[in-house]
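Taking it in order: structure first as structure tokens, then the write-up.
This chain uses plain numbering: 1 for the first residue, then up along the sequence.
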Amino acid sequence: MNVKVEDVSSITKKLTFEVTADQVEKEIARAFQKIGKSAKVKGFRAGKVPKSVLEKHYEGEMQQEVLTKLINDTYFSALDKHDIFAVSDPRIVDAGVISKGEPFSYAAEVDIKPEISVRDYLGIPLQKELYVEDPALVETRLEEMRTSRASIEVSERDTAQGGDLVQIDYQGFFDGEAFEGGSAEDYQLELGSNSFIPGFEEQLTGMRRGESKEINVTFPAEYGAENLAGKAATFKVTLHEIKEKVLPALDDEFAGEFGAESFDELKADLAASHRSREQNRIDSELREQLAKILIERNPFEIPEGMIAAQLNYMYDNIVGRMKAQGLTPEMLGMTPERFREQYRDTASDQVKGRLILEAVGRQEQIAADNDEIDAKLAEIAEMANAPLEMVQKYYAGEESRKGLLDQIAEEKTLQFLLDKAEITEVPAEQLAKEDA
């Protein structure tokens, strides 16, 4: 077998193959032998059809069988021999005919992982958001947690106010005529929830227990029911009961419901959690800034296949997170096609950023050592709450271990670049102005 390799572009190679006549004849004989085991031709028993008859009736099937076998046997071995890292299936652009006693030739184009040499990656100027503690955020989170533990009790007040849950009967009218679906009894409504027609809840505020009154509202023009949209209506309302949310005290007992030993510990935990989230966000934005500059300084092409694979990964990831929250893409009006169109540039930048880090790591000879591998395995086990031995066994596989080594090397390369960068911390307000 002869193979000729040509560069079509920086991301595409063309491989031209010529298979010897002897190899073609051998595969033709093998194909007819295989076909003959199950071939059915009138007048012959299954498996006993003469070769000459098989050649007459099963020429097309033989052609496909031999073509597939020859391409599989030659294409993949050529990739390995010539160190070609393919990132797409081959596109057969020129294939000859399978004929006994004749050599067979074909050509295939394949997308490859681009080979890049990164420049200007040291001393990159970066602006990092200056983290500032904000105690008010902890107080806000405490109030949210407090509200989530509130109990509902009958109010001692006779007058409804915002935040109360009121139990009402109501009936709606258009020009004095009751309309279908506009009435309910013992309906519970939270004042201030904005879950009813605009203006309805506000007019209940100040009503007394047992009081009846008329409320005038106008349905929004975009209201879901077309027969109601944009119409002015009158509701006759009777308020039967007033309930209010009673918030628990912010004390050690309250903290215990959230797994803390004391209220002070709960506040410290919330502050630490917020600090960690914010610092992770700031670090993530700094990495994105670094990647953007590296991509701008080092333009190169990437195959569509790599972008498509990243988009598939991103889509599956977000759908998985949705399912964990009881949501589906349909609920949010998201389709795979719309997602891929919207996030194509993001996926492209992520692929380019990963390739650049890989290239810098290669140029700087950055790799994972045994201690780092052990530390990463321990970290994974802790995060997954899984036995270390189980994690070690999983990453003992060749493909999984390579993925782990690549991940560690990428993290080290990223830290190397950040250590060499010229980072200036600036207030969030200044960053926002510059991005605007």
What pairs of donor and acceptor atoms, side-chain ones from residues 224-231 against any protein atom, are under 3.5 angstrom apart with sequence neighbours left out?
from, atom 1, to, atom 2, distance (Å)
K231, NZ, N227, O, 3.2

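Note: H274 and Y131 have tilted aromatic rings, judged against thresholds of 30 and 60 degrees for the angle between ring planes. Ring geometry for Y223 against F219 counts as perpendicular: the plane angle is over 60°, on a 0 to 90° scale with 30° as the lower cut.
None of I112, V5, L15 except one satisfies the side-chain contact (heavy atoms from CB on, under 4.5 Å) rule with L79; the exception is L15.
Sequence neighbours left out, the pairs with a member in residues 254-269 that pass side-chain hydrogen bond (donor to acceptor under 3.5 Å, both in side chains) are E139-K267, R149-E257.
Between M322 and T328, the shortest heavy-atom contact is SD-C, 3.8 Å. In terms of heavy-atom proximity, E410 sits nearest to L357 at CG-CD1, 3.6 Å. Contact detail for A421 and I124: the closest heavy-atom pair is CB-O, 3.2 Å.
Y315 carries R340 over the face of its six-membered ring, with the cationic atom under 6.0 Å from the centre and within 45° of the normal.
With sequence neighbours excluded, the residues that form a side chain to side chain contact (heavy atoms under 4.5 Å, CB included) with Q350 are Q310, M314, T346. For T424, the side chain to side chain contact (heavy atoms under 4.5 Å, CB included) partners are V426, not counting sequence neighbours. In this view, E25 and K100 satisfy the side chain to side chain contact (heavy atoms under 4.5 Å, CB included) rule, not counting sequence neighbours. For the side chain to side chain contact (heavy atoms under 4.5 Å, CB included) test, residues two or more places apart in sequence or in another chain that qualify with A272 are R275.
For Y170 and F196, the ring centers are positioned less than 6.0 Å apart.
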